[in-house]
Amino acid sequence: MLEKMKELIADQLNVDPSEVVESATFEGDLGADSLDLFELVMNLEEEYGIEIPTEELETLKTVGDVMNYLKEHGIEE
């Protein structure tokens, strides 16, 4: 799952895929702003066929948080 996430996140946030690690924070490490995060969530929802409620977004601070969220909601890759 991390490899696919690396591609998706690196492309969306215009960062080097090597920067996309589980511990990377979206705002601090990857330089994402609120619009970037909104667009990223839309892409994740489309890619994985799930809906991420707005109130859940506040808990998704790192790449690992997103991966765990997806796994908890039945997405395995």
Side-chain angles (χ1 to χ4, degrees):
M1 178 181 283
L2 182 58
E3 289 307 310
K4 189 171 188 178
M5 293 284 292
K6 275 187 181 191
E7 288 178 33
L8 193 105
I9 293 168
D11 185 50
Q12 181 71 43
L13 300 180
N14 212 16
V15 297
D16 190 282
S18 66
E19 294 179 51
V20 182
V21 295
E22 285 191 51
S23 62
T25 61
F26 291 106
E27 293 179 5
D29 297 326
L30 302 176
D33 62 21
S34 57
L35 180 59
D36 291 329
L37 294 174
F38 179 75
E39 291 174 348
L40 178 61
V41 166
M42 287 179 40
N43 285 340
L44 289 169
E45 289 177 334
E46 185 177 315
E47 180 72 31
Y48 292 103
I50 64 165
E51 188 172 322
I52 302 173
T54 306
E55 58 271 9
E56 295 283 340
L57 297 181
E58 295 175 11
T59 66
L60 305 177
K61 302 288 185 199
T62 68
V63 173
D65 291 343
V66 172
M67 289 175 48
N68 290 334
Y69 180 88
L70 293 173
K71 288 176 185 174
E72 288 169 7
H73 290 83
I75 307 296
E76 293 289 336
E77 229 172 45

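Along the sequence shown, residues are numbered consecutively beginning with 1.
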Margin query: Before you tell me yes or no, could you show the steps for L30 and V63 under side chain to side chain contact (heavy atoms under 4.5 Å, CB included), namely the whole-Å CA-CA distance, both residues' side-chain angles and the distance that decides it to 0.1 Å?
Written below: CA-CA 10 Å; L30 302 176; V63 173; 4.1 Å; yes

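Within a 6.0 Å radius of CD in E55, other residues, nucleotides and ligands contribute more than 12 heavy atoms.
Here M42 sits in one hydrophobic cluster together with F38; the rule is ILVMFWY side chains under 4.5 Å apart, joined directly or through other members.
The two residues I75 and M1 have their closest heavy-atom pair at O-CE, 3.3 Å.
Listed by chain and residue number, A24, T25 satisfy the side chain to side chain contact (heavy atoms under 4.5 Å, CB included) test with D29 (two or more places apart in sequence, or in another chain). By the side chain to side chain contact (heavy atoms under 4.5 Å, CB included) test, E56 is found to be paired with I52, P53, T59, Y69, residues two or more places apart in sequence or in another chain being considered. Residues satisfying the side chain to side chain contact (heavy atoms under 4.5 Å, CB included) test with N14, not counting sequence neighbours, are none. With sequence neighbours excluded, no residue forms a salt bridge (Lys or Arg N to Asp or Glu O under 4.0 Å) with K71. Partners of K4 according to the side chain to side chain contact (heavy atoms under 4.5 Å, CB included) rule, which considers only residues two or more places apart in sequence or in another chain, are E47, Y48, E77.
At distances below 3.5 Å, at least one donor-acceptor pair connects side-chain atoms of D65 with backbone N or O atoms of T62. Between the side chain of D36 and the main chain of D33, a donor-acceptor pair closer than 3.5 Å is present.
For the atom pair CG (L2) and CE (M67), the distance works out to 5.0 Å, reported to the nearest 0.5 Å. Taken from CD in E39 to CD in Q12, the straight-line distance is 5.5 Å, to the nearest 0.5 Å. Between L13 atom CG and E27 atom CD the span is 11.0 Å, to the nearest 0.5 Å. Atom CG of N68 sits about 11.5 Å away from atom NE2 of H73, to the nearest 0.5 Å. Atom-to-atom distance recorded for L57:CG and L37:CG is 8.0 Å, nearest 0.5 angstrom.
In this structure the side chain of V66 never reaches within 4.5 angstrom of the side chain of I9, judged on heavy atoms. I50 has its side chain out of reach of L44: every pair of non-hydrogen atoms, C-beta onward, lies at least 4.5 Å apart. The side-chain heavy atoms of L70 and M5, taken from C-beta on, include a pair separated by under 4.5 Å.
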